[in-house]
Enquirer: 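This structure is in structure tokens; I'll ask about it shortly.
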Amino acid sequence: MRKILLPTDFSDNAWSASLYALNFFEQEICTFYFLNSVALTRNMLSNLSDRLIKEMSAVATQELLDLKELAETSDPPNPKHTFETILSTQDLYKAVGHACETHDIDLVVMGTKGATGAKEFFFGSKTVNVIMSIKACPVLLIPEEFDFVPPKQIAFPTDYNRFYNLKEVKPLKSLADLYQPKIRIVHITEEKELSNVQSFNLRMLKIYFKNYDFSLHCMPKYAEKAKEINDFIEELDIDVLAMVKYKHSFIEKIINEPVIKELGFHCKIPFLVIPE
């Protein structure tokens with residue numbers, strides 16, 4: 001049985017991400033955990049009365065129960081799916097991390113824009129905090145108002161400089177097992193020939209995916225990694241983007257590019273972030 005965590009702020013974007021998860025795992029036995037974080041700072045605690053704090057918690061609890069009922073009474077209801085609720089007073093990234101460890105979560109699925117986020121931003125500050133801090137399980141980020149379509153192609157960018165172990169490729173293989181998409185391994189080319197280390201890492205990826213439909217691709221190095229990846233997504237009509245998060249990885253470079261810091265990463269497809 002899979003355990004899926006669905007962080008929510010009760011926005012349409014969060015519900016849209018939840019629907020994506022329910023549809024993605026339609027044929028799988030799953031327990032879904034709706035998580036709401038009502039982070040209370042020390043300043044807030046000192047300025048709010050106990051009564052008001054209890055009222056805020058009661059409202060959030062009721063909204064979680066309403067969300068659980070909405071999921072349970074979907075038309076038609078899915079007997080393979082069960083639902084639980086979690087209310088936390090920690091910051092979102094801490095609440096998600098704690099829930100992952102406490103409930104042995106397999107995957108976090110969340111929207112990329114909250115109730116107050118700007119529509120064009122893909123990486124908001126809360127999203128960045130979650131993907132950069134969670135180490136227990138992968139995070140699947142869903143763009144705003146993205147309707148589920150069975151993935152036919154998954155892109156996996158790499159420069160072949162890093163060795164990926166079985167634990168790191170497992171989440172990608174796990175998703176691929178459900179829909180048998182083509183896995184497109186994308187090499188961002190910076191050199192004329194691969195080094196011995198790169199060649200070895202490439203051979204290992206071929207071994208990992210030998211029972212899957214995969215292909216190898218090369219792209220020239222751009223000045224901006226985000227534009228480079230987005231171009232590949234559009235050219236080959238990719239359905240899901242998958243990356244492993246590690247120090248100095250593409251993910252960190254994308255977030256740290258000056259333009260991306262200001263404008264966000266305009267990714268139009270689900271993005272699977274795998275911890276090292």
Enquirer: In Å and rounded to the nearest 0.5 Å, what is the CD1 to CG distance from Ile185 to Leu205?
Expert: 5.0 Å
Enquirer: Please answer whether the main-chain N or O of Lys170 pairs with a side-chain N or O of Ser174 as donor and acceptor at a distance below 3.5 Å.
Expert: no
Enquirer: Tell me, with the steps shown, if Leu140 and Tyr20 meet side-chain contact (heavy atoms from CB on, under 4.5 Å).
Expert: CA-CA 10 Å; Leu140 182 61; Tyr20 183 94; 3.9 Å; yes
Enquirer: Are Tyr160 and Val197 linked, directly or through other ILVMFWY residues, by side chains that come within less than 4.5 angstrom of each other?
Expert: no
Enquirer: Does Asn196, at its CG atom, have more than 12 non-hydrogen atoms belonging to other residues, nucleotides or ligands within less than 6.0 Å?
Expert: no
Enquirer: Between Ile207 and Phe163, is there shared hydrophobic-cluster membership here, with clusters defined by ILVMFWY side-chain heavy atoms closer than 4.5 Å?
Expert: yes
Enquirer: Specify the closest pair of heavy atoms between Leu241 and Met243, including all atoms of both residues, with the distance to one decimal.
Expert: CD2-CE, 4.0 Å
Enquirer: Would you indicate whether the side-chain heavy atoms of Ile269 and Ile238 approach each other to under 4.5 Å?
Expert: yes
Enquirer: From Thr61 OG1 over to Leu87 CG, what is the distance, rounded to the nearest 0.5 angstrom?
Expert: 4.5 Å
Enquirer: Under 4.5 Å between any side-chain heavy atoms of Leu194 and His187, yes or no?
Expert: yes
Enquirer: Check whether Gln62 reaches the backbone of Val59 with its side chain - one donor and one acceptor, N or O, closer than 3.5 Å.
Expert: no
Enquirer: What are the two closest non-hydrogen atoms of Lys68 and Phe83, and how far apart are they?
Expert: CE-O, 2.9 Å
Enquirer: Of all the heavy-atom pairs spanning Lys80 and Gln27, show the shortest one and how long it is.
Expert: NZ-O, 3.1 Å
Enquirer: Taking the six-membered ring for Trp and the full ring for Phe, Tyr or His, determine whether the centres of Phe156 and Tyr164 are under 6.0 Å apart.
Expert: yes
Enquirer: Would you name the heavy atoms of Ala176 and Pro181 that are closest together and state the gap between them?
Expert: O-CD, 3.3 Å
Enquirer: Please report the C-alpha distance between Leu64 and Phe10 in whole Å, then the side-chain angles of each, then the deciding distance to 0.1 Å, and finally whether the side-chain contact (heavy atoms from CB on, under 4.5 Å) criterion is met.
Expert: CA-CA 8 Å; Leu64 279 170; Phe10 310 115; 3.9 Å; yes
Enquirer: Quick check on the hydrophobic clustering: are Leu178 and Val149 connected, directly or via other members, by side-chain heavy-atom contacts under 4.5 Å?
Expert: no
Enquirer: Does a side-chain heavy-atom distance below 4.5 Å link Ile134 with Pro275?
Expert: no
Enquirer: Could you give the distance from CG (Asn36) to OG1 (Thr89), rounded to the nearest 0.5 Å?
Expert: 11.0 Å
Enquirer: So which atom in Met1 and which in Asp106 form the shortest heavy-atom distance, rounded to 0.1 Å?
Expert: O-OD2, 3.9 Å
Enquirer: Answer yes or no: is there an ion pair linking Glu235 with Arg184, defined by an N-O contact shorter than 4.0 Å?
Expert: no
Enquirer: Would you say the side chains of Asp9 and Ser11 form a donor-acceptor pair under 3.5 Å?
Expert: yes
Enquirer: For the pair His103 and Tyr33, name the ring-plane relationship: parallel under 30°, tilted 30 to 60°, perpendicular over 60°.
Expert: tilted
Enquirer: Tell me yes or no: between the side chains of Ser37 and Ser88, is some donor less than 3.5 Å from an acceptor?
Expert: no
Enquirer: Using 30° and 60° as the class boundaries, would you call the ring planes of Phe148 and Phe24 parallel, tilted or perpendicular?
Expert: perpendicular
Enquirer: For Asn165 and Lys167, indicate whether the former's side chain and the latter's backbone hold a donor-acceptor pair under 3.5 Å.
Expert: yes
Enquirer: Between Asp239 and Lys152, does any NZ, NE, NH1 or NH2 come within less than 4.0 Å of an OD or OE carboxylate oxygen?
Expert: no
Enquirer: Which atom pair, heavy atoms only, marks the closest approach of Glu193 to Gln198?
Expert: O-OE1, 4.1 Å
Enquirer: If we only count heavy atoms from C-beta on, is the Thr73 to Glu69 side-chain gap below 4.5 Å?
Expert: yes
Enquirer: What distance separates Asp12 CG from Glu144 CD, expressed to the nearest 0.5 Å?
Expert: 8.5 Å
Enquirer: Is there side-chain contact between Ile86 and Glu84, with at least one heavy-atom pair below 4.5 Å?
Expert: no
Enquirer: Determine whether more than 12 heavy atoms belonging to other residues, nucleotides or ligands lie under 6.0 Å from atom NZ of Lys182.
Expert: yes
Enquirer: Is the terminal nitrogen or CZ of Arg2 (NZ for Lys, CZ for Arg) located under 6.0 angstrom from the six-membered ring centre of Phe25 and within 45° of that ring's axis?
Expert: no
Enquirer: Quick one: do Tyr179 and Tyr212 end up in the same hydrophobic cluster if we chain Ile, Leu, Val, Met, Phe, Trp and Tyr together by side-chain heavy atoms under 4.5 Å apart?
Expert: yes
Enquirer: If we only count heavy atoms from C-beta on, is the Phe32 to Val109 side-chain gap below 4.5 Å?
Expert: no
Enquirer: Answer whether the closest heavy-atom distance between the side chains of Leu107 and Pro171 falls below 4.5 Å.
Expert: no
Enquirer: Say you draw a straight line from CZ of Phe209 to CG of Leu216; how long is it, rounded to the nearest 0.5 Å?
Expert: 10.5 Å
Enquirer: Can you find a heavy atom in the side chain of Val139 that is under 4.5 Å from one in the side chain of Phe271?
Expert: no
Enquirer: Kindly work out whether a path of hydrophobic side-chain contacts (I/L/V/M/F/W/Y, heavy atoms less than 4.5 Å apart) joins Leu65 to Leu5.
Expert: no
Enquirer: Test side-chain contact (heavy atoms from CB on, under 4.5 Å) on Leu172 and Val244; report intermediate values, then the result.
Expert: CA-CA 10 Å; Leu172 176 55; Val244 175; over 6 Å; no
Enquirer: For atom CG of Leu70, decide whether the heavy atoms of other residues, nucleotides or ligands shown that lie under 6.0 angstrom number more than 12.
Expert: yes
Enquirer: How many angstroms lie between atom OG1 of Thr85 and atom CG of Leu6, to the nearest 0.5 angstrom?
Expert: 12.0 Å
Enquirer: Taking it one step at a time, do Phe214 and Lys206 satisfy side-chain contact (heavy atoms from CB on, under 4.5 Å)?
Expert: CA-CA 8 Å; Phe214 76 92; Lys206 289 180 178 179; 4.0 Å; yes
